[in-house]
Amino acid sequence: MAISDEPESVATALNHSSLRRRPSATSTAGLFNSPETTTDSSGDDLAKDSGSDDSINSDDAAVNSQQQNEKQDTDFSVLKFAYRPSVPAHRKVKESPLSSDTIFRQSHAGLFNLCIVVLVAVNSRLIIENLMKYGWLIKSGFWFSSKSLRDWPLFMCCLSLVVFPFAAFIVEKLAQRKCIPEPVVVVLHIIITSTSLFYPVLVILRCDSAFVSGVTLMLFSCVVWLKLVSYAHTNYDMRALTKLVEKGEALLDTLNMDYPYNVSFKSLAYFLVAPTLCYQPSYPRTPYIRKGWLFRQLVKLIIFTGVMGFIIEQYINPIVQNSQHPLKGNLLYATERVLKLSVPNLYVWLCMFYCFFHL
């Protein structure tokens with residue numbers, strides 16, 4: 001389908017004004033007069049008016065005013081008749097915006113806005129339906145109970161997590177001095193990283209802690225576990241590159257180390273508090289600490305952790321409690337329960353991902 005590229009401008013409308021403008025009364029009368037008659041009458045008028053200079057001056061002024069009036073009439077006609085139905089709207093061969101050749105080159109902001117509106121409408125209905133059916137299920141004991149102030153095992157477990165990075169540092173220091181072989185280093189790192197992840201899980205299960213305490217401890221333990229994995233991998237690779245350099249082998253430009261292999265407790269301590277999961281001995285830093293940014297991230301962490309707890313307590317728990325055993329119900333019922341749990345689980349996963357990998 002041919003579609004015009006751009007609306008017709010006023011200048012173009014002026015060029016086609018003869019096509020758009022409706023004939024006026026005077027122009028209609030002139031259409032029935034022959035060119036000869038018009039020429040003769042204009043010649044007679046010029047002959048009559050050529051007798052005196054005063055009449056010429058007055059005629060010039062009249063002509064000027066008449067030209068100005070005609071210009072104003074023309075501008076008005078252009079604005080008035082710029083979009084006549086008879087004006088050609090399609091002047092160039094062009095594919096339709098919904099054709100297969102051009103649909104991916106178009107802006108889909110309208111469809112995106114429509115999806116946002118539908119998403120807000122559907123989730124608003126689910127929120128209202130949940131409140132009408134179950135009411136407000138959030139209790140104070142879910143966030144902070146009498147056990148929360150007595151969760152000393154979890155607090156001590158959180159403080160004891162620094163033992164695992166210190167153990168990894170000792171292993172790397174021994175490996176740097178070549179006191180232990182490389183396979184032993186790998187096995188020790190596997191034991192340290194696995195223990196740092198399963199130890200908090202056992203403490204949480206034994207103590208039956210509150211939600212916030214358990215989630216906070218698991219976030220810290222997961223962060224420590226990922227940092228230890230990166231610490232072990234990076235040091236292993238740096239040892240391998242150092243051995244190649246000692247043998248006199250040339251390295252590629254992409255493999256050249258920007259810093260020498262040196263196991264330092266200072267670099268490990270900074271890595272533990274730095275907002276990154278990728279270890280390297282030195283990092284580019286800003287000239288000052290952005291305290292406002294740090295405070296905003298802490299507030300966001302508290303808010304999104306609360307959102308996760310709200311979704312779990314208000315939406316996921318009632319669905320699970322009112323569901324049958326998956327092996328006792330039919331397949332259609334189980335599918336409906338899984339689909340009903342998919343939406344709140346998706347939001348919990350998104351909040352967890354944002355808190356864990358960013359905040």
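Considering only heavy atoms from C-beta on, I127 comes within 4.5 Å of Y315 through its side chain. The closest side-chain heavy-atom distance from P153 to R206 is not below 4.5 Å. The shortest side-chain heavy-atom distance between R239 and Q176 does not fall under the 4.5 Å cut-off. At least one side-chain heavy atom of K243 sits less than 4.5 Å from a side-chain heavy atom of E182. Contact of the P165 side chain with the V224 side chain is registered, since non-hydrogen atoms from C-beta on lie closer than 4.5 Å. Two residues are said to be in side-chain contact when any heavy atoms from C-beta on lie closer than 4.5 Å; L359 and T305 fail this criterion.
Taking hydrophobic clusters as Ile, Leu, Val, Met, Phe, Trp and Tyr residues chained together by side-chain heavy-atom distances below 4.5 Å, I311 shares a cluster with V320. One hydrophobic cluster, built from ILVMFWY side chains closer than 4.5 Å, cannot hold both Y236 and L174; they sit in different ones. Taking hydrophobic clusters as Ile, Leu, Val, Met, Phe, Trp and Tyr residues chained together by side-chain heavy-atom distances below 4.5 Å, I180 shares a cluster with L228. M352 and V307 fall within a single hydrophobic cluster, where Ile, Leu, Val, Met, Phe, Trp and Tyr side chains are chained together by heavy-atom contacts under 4.5 Å. Linking ILVMFWY residues whenever their side-chain heavy atoms come closer than 4.5 Å, directly or via other members, leaves L301 and L226 in distinct clusters.
Minimum interatomic distance between C278 and S230 (heavy atoms only, all atoms of both residues): CA-OG, 3.4 Å. When all heavy atoms of C157 and Y199 are compared, the pair lying nearest together is SG-CE2, 3.3 Å. Of all heavy-atom pairs spanning C222 and L197, the tightest one is SG-CD1, 4.2 Å. Among all heavy-atom pairs drawn from I204 and G214, the shortest one is CD1-O, 3.5 Å. Looking at every heavy atom in both residues, C158 comes nearest to F220 through SG-CD1, 3.9 Å. Among all heavy-atom pairs drawn from A175 and V185, the shortest one is CB-CG2, 3.6 Å.
Shown here is Y270, whose OH atom has more than 12 heavy atoms of other residues, nucleotides or ligands within 6.0 Å. Within 6.0 Å of CG on L119 lie more than 12 heavy atoms contributed by other residues, nucleotides or ligands. Summarising the local packing, CD1 of I289 is surrounded by 12 or fewer heavy atoms from other residues, nucleotides or ligands at distances under 6.0 Å. For CZ of F295, the number of neighbouring non-hydrogen atoms (other residues, nucleotides, ligands) closer than 6.0 Å is 12 at most. Counting non-hydrogen atoms of neighbouring residues, nucleotides and ligands closer than 6.0 angstrom, the CZ atom of F198 reaches no more than 12 such neighbours.
In this structure, CG in L294 is found 10.0 Å from NZ in K291, a value given to the nearest 0.5 Å. Between the CD1 atom of I170 and the SG atom of C179 there is a distance of 12.5 Å, given to the nearest 0.5 Å. The OG1 atom of T195 sits 10.0 Å away from atom CG of L202, with the distance rounded to the nearest 0.5 Å. Between the SG atom in C115 and the CG atom in N113 there is a gap of 9.0 Å [rounded to 0.5 Å].
Shown here are the ring-ring contact (aromatic ring centres under 6.0 Å, His included) partners of Y354, two or more places apart in sequence or in another chain: F304, H358. Qualifying salt bridge (charged side-chain N to carboxylate O under 4.0 Å, His left out) partners for R337, counting only residues two or more places apart in sequence or in other chains: none. Partners of T286 by side-chain contact (heavy atoms from CB on, under 4.5 Å), not counting sequence neighbours: none found.
S196 contributes a side-chain N or O that, together with a main-chain N or O of T193, makes up a donor-acceptor pair within less than 3.5 Å. Judged by distance alone, the side chain of N130 and the main-chain N or O of L126 form no donor-acceptor pair under 3.5 Å. Side-chain atoms of K173 come within 3.5 Å of backbone atoms of V263 as a donor-acceptor pair (strictly under, hydrogens ignored). Between the side chain of N235 and the backbone N or O of Y231 there is at least one donor-acceptor pair closer than 3.5 Å. Side-chain atoms of Q314 come within 3.5 Å of backbone N or O of G135 as a donor-acceptor pair.
In this structure, I191 belongs to a hydrophobic cluster whose other members, linked by side-chain heavy atoms under 4.5 Å apart, are V187. Taking Ile, Leu, Val, Met, Phe, Trp and Tyr as members and joining any whose side-chain heavy atoms lie under 4.5 Å apart, directly or through other members, the hydrophobic cluster of I116 also contains F112, V120.
In summary, the aromatic rings of W136 and F310 are positioned with their centroids under 6.0 Å apart.
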* Step-by-step side chain to side chain contact (heavy atoms under 4.5 Å, CB included) determination, F357 to L277 -> CA-CA 9 Å; F357 290 102; L277 298 176; 4.1 Å; yes
* Would S267 and Y279 count as a side chain to side chain donor-acceptor pair (under 3.5 Å) if you check the C-alpha gap in whole Å, the side-chain angles of each, and the deciding distance to 0.1 Å? -> CA-CA 9 Å; S267 61; Y279 171 74; 3.2 Å; yes
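Using a 4.0 Å cut-off between a side-chain N of Lys or Arg and a carboxylate O of Asp or Glu, R125 and E129 qualify as a salt bridge.
Contacts classified as ring-ring contact (aromatic ring centres under 6.0 Å, His included) and involving residues 161-180 (residues at least two apart or in different chains) are given here: F169-F265.
Geometric assessment of K227 against the ring of F271 yields a positive cation-pi assignment under the 6.0 Å and 45° thresholds.
Using modelled atom types and a 3.5 Å distance limit, the side chains of Y134 and N322 yield a donor-acceptor pair.
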